[in-house]
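When a residue number appears, it is its place in the shown sequence, counting from 1. This is a predicted model, so every value here is computed, not measured.
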Amino acid sequence: CGEANPDQVTLNVFNWGEYISNGEDGSLDVIAEFEKQTGIKVNYTTYETNEALYNKMKTGGVSYDVIIPSDYMIGKMIQENMLEKLDFSNIPNYELIDDRFKSSEIAPYDPEGAYSVPYTWGRVGLIYNTKYVTEPVNSWNILWDEAYKNQILMFDNPRDAFGIAQFLLGQSVNTEDTAELEAAAALLQKQSAVSPVYAMDQILEKMPNEDAYIAPYYVGDCLTMCDENEDLTFTVPQEGTNLFLDAMCIPKGTKHKKEAEQFI
């Protein structure tokens with residue numbers, strides 16, 4: 001038996017579920033290839049919401065080297081001094097990223113572009129099963145429709161759930177007005193009349209399996225689900241939606257910053 005190398009670096013990478021190529025369906029196993037090329041071991045774990053990521057980091061006990069939060073959470077972490085500034089000389093492929101995703105207009109959460117490297121982007125919309133939902137689907141209101149009681153999935157994270165309510169109420173999704181936020185919360189509470197199931201990654205299984213008829217979710221995942229079940233389709237409601245951007249960051253205090261930048 002070979003002996004363990006005491007000098008081998010292990011990176012703790014914390015990412016969303018279903019969010020990296022792993023060798024399935026002929027794709028590249030990114031982590032295995034990185035380990036092969038660098039000799040750096042990767043301890044890869046996943047989370048379901050930005051809030052779960054934030055709470056893990058705040059409570060301590062676990063140290064991460066690379067994380068992939070969403071836009072608003074990156075801004076919060078920068079304000080709370082939870083992220084390291086990046087050394088882009090160790091991240092040469094940063095130059096290959098489309099400049100618009102580096103701009104302060106698209107990425108105001110990191111206005112200097114010092115703490116994050118854009119990873120994925122997309123929009124939120126509705127995925128629904130055309131076998132069971134035959135009416136035109138053009139509004140977020142359908143998530144409150146009692147005709148689909150017990151067949152609705154709803155985001156189990158506050159940013160996206162509030163966003164839906166705020167679009168219906170004609171608010172800015174970035175409002176800081178207490179009265180507007182209370183109105184959005186009241187609208188979300190009324191959704192209990194249709195007995196929604198609050199979920200995140202579970203939506204990826206429940207919708208193709210026809211365990212529910214309607215759900216809000218992210219466009220990339222919705223297109224994957226539509227490939228798995230031909231009766232599913234995706235739409236962006238008329239009230240509007242938001243663009244989201246998730247980016248790779250390095251938490252404050254990592255002991256392997258250079259290797260983390262190499263992974264990014």
Side-chain angles (χ1 to χ4, degrees), residues 8-50 52-53 56 62-71 73-74 83 86 88 90-102 106-107 110 115-125 127 155 157 160 199-209 215-230 232 234 243-251 254 256-264:
Q8 184 183 54
V9 171
T10 297
L11 289 178
N12 291 319
V13 178
F14 205 26
N15 196 2
W16 297 85
E18 306 290 333
Y19 226 40
I20 198 168
S21 176
N22 61 6
E24 293 182 359
D25 301 322
S27 65
L28 176 71
D29 187 332
V30 171
I31 291 175
E33 187 65 21
F34 175 78
E35 291 179 329
K36 176 182 175 183
Q37 290 192 21
T38 64
I40 299 169
K41 182 175 173 55
V42 176
N43 177 32
Y44 184 81
T45 53
T46 63
Y47 54 90
E48 287 196 3
T49 68
N50 284 290
L53 163 65
K56 272 268 192 178
V62 181
S63 175
Y64 298 108
D65 301 295
V66 179
I67 57 174
I68 300 87
S70 299
D71 35 46
M73 187 56 71
I74 294 171
L83 301 179
L86 302 177
F88 287 92
N90 294 324
I91 312 173
N93 287 337
Y94 181 74
E95 295 182 1
L96 303 178
I97 295 174
D98 192 318
D99 286 339
R100 61 180 168 154
F101 295 109
K102 305 174 189 176
I106 296 294
D110 185 5
Y115 296 90
S116 61
V117 172
Y119 180 59
T120 57
W121 73 279
R123 295 188 182 277
V124 176
I127 186 167
F155 276 126
N157 78 69
D160 291 318
M200 288 302 296
D201 285 351
Q202 303 94 323
I203 293 174
L204 296 167
E205 179 178 348
K206 288 180 176 292
M207 288 303 298
N209 289 345
Y217 218 59
Y218 312 109
V219 60
D221 296 304
C222 288
L223 294 175
T224 299
M225 287 186 273
C226 290
D227 286 341
E228 296 175 10
N229 185 327
E230 62 182 12
L232 296 177
F234 175 82
L243 179 149
F244 68 84
L245 201 156
D246 297 344
M248 290 189 167
C249 304
I250 297 178
T254 176
H256 306 297
K257 185 170 182 287
K258 184 175 180 179
E259 291 84 358
E261 290 164 343
Q262 191 173 356
F263 181 86
I264 292 173

request  = Quick one: which residue pairs count as a side-chain hydrogen bond (donor to acceptor under 3.5 Å, both in side chains) with a foot in residues 23-32, not counting sequence neighbours?
outcome  = Ser21-Ser27

message = Donor-acceptor pair, distance only, cut-off 3.5 Å: does the side chain of Asn43 make one with the backbone of Asn12?
response = no

message = Given 3.5 Å as the limit, does a donor-acceptor pair link the side chain of Asp71 with the main chain of Leu245, or not?
response = yes

ask   = Under a 4.5 Å cut-off applied to non-hydrogen side-chain atoms, are Lys102 and Ile97 in contact?
value = yes

message = So which atom in Pro216 and which in Ile203 form the shortest heavy-atom distance, rounded to 0.1 Å?
response = O-CD1, 3.8 Å

query = Do Glu35 side-chain atoms and Val42 backbone N/O form a donor-acceptor pair below 3.5 Å?
reply = yes

query = Just wondering, are more than 12 heavy atoms of other shown residues or ligands nearer than 6.0 Å to CD in Glu228?
reply = yes

inquiry  = Please check this pair: side chain of Tyr64 against backbone of Leu11, looking for a donor-acceptor N/O pair closer than 3.5 Å.
reply    = no

inquiry  = Between Glu95 and Phe88, is the side chain to side chain contact (heavy atoms under 4.5 Å, CB included) condition met? List the steps.
reply    = CA-CA 9 Å; Glu95 295 182 1; Phe88 287 92; over 6 Å; no

query = Going through the checks in order, is the side chain to side chain contact (heavy atoms under 4.5 Å, CB included) test met by Asn93 and Val117?
reply = CA-CA 10 Å; Asn93 287 337; Val117 172; over 6 Å; no

query = Between the side chain of Tyr119 and the main-chain N/O of Tyr19, is any donor-acceptor distance below 3.5 Å?
reply = yes

ask   = Can the ring centroids of Tyr47 and Trp16 be said to lie less than 6.0 angstrom from one another?
value = yes

task = Check for a donor-acceptor pair, side chain of Asp65 on one end and backbone N or O of Val13 on the other, with a separation under 3.5 Å.
result = no

message = Treating Asn157 as the side-chain partner and Asp160 as the backbone partner, does any N or O pair qualify as donor plus acceptor under 3.5 Å?
response = yes

request  = Decide side chain to side chain contact (heavy atoms under 4.5 Å, CB included) for Leu86 and Ile250; before the verdict, give the C-alpha distance in whole Å, the side-chain angles of both, and the deciding distance to 0.1 Å.
outcome  = CA-CA 8 Å; Leu86 302 177; Ile250 297 178; 3.6 Å; yes

remark   = In short, Pro118 meets Tyr94 closest at the heavy-atom pair CD-CE1, 4.1 Å

query = To the nearest 0.5 Å, how far apart are CD in Gln262 and OG1 in Thr38?
reply = 5.5 Å

Nearest heavy-atom neighbours spanning Pro251 and Val66 = CD-N, 4.1 Å

inquiry  = Can you give me the closest heavy-atom contact between Gln8 and Gly39, atom names plus distance?
reply    = NE2-O, 3.3 Å

remark   = From the list Tyr217, Trp121, Tyr218, ring-ring contact (aromatic ring centres under 6.0 Å, His included) partner of Phe244 resolves to Tyr218

request  = Quick one: pull up CZ in Arg123 and CZ in Phe234 and give me the separation to the nearest 0.5 Å.
outcome  = 10.0 Å

task = Might you point out which heavy atoms bring Leu232 and Cys226 nearest each other, and give the distance in Å?
result = O-SG, 3.5 Å

message = Does Glu18, at its CD atom, have more than 12 non-hydrogen atoms belonging to other residues, nucleotides or ligands within less than 6.0 Å?
response = no

query = Counting N and O atoms only, with roles assigned by atom type, does the side chain of Asp246 sit under 3.5 Å from a partner on the main chain of Ile68, one being a donor and the other an acceptor?
reply = no

ask   = Quick one: side-chain hydrogen bond (donor to acceptor under 3.5 Å, both in side chains) partners of Glu261, sequence neighbours excluded?
value = Asn90, Lys257

key: Separation of Ile91 CD1 from Met248 CE (nearest 0.5 Å)   = 10.0 Å

query = Considering residues at least two apart in sequence or located in another chain, which fulfil the side-chain hydrogen bond (donor to acceptor under 3.5 Å, both in side chains) criterion with Glu33?
reply = Gln37

inquiry  = Tell me the closest heavy-atom pair linking Leu204 and Met225, and the distance in Å.
reply    = CA-SD, 3.7 Å

note = CG (Asp201) and OG1 (Thr49) are apart, to the nearest 0.5 Å, by 9.5 Å

message = I'd like to know whether Tyr44 forms a side chain to side chain contact (heavy atoms under 4.5 Å, CB included) with Phe14, so could you lay out the CA-CA distance, the side-chain angles of the two residues, the decisive distance to 0.1 Å, and finally the verdict.
response = CA-CA 6 Å; Tyr44 184 81; Phe14 205 26; over 6 Å; no

ask   = Quick one: does Asn50's side chain have a donor or acceptor within less than 3.5 Å of a partner on Met73's backbone?
value = no

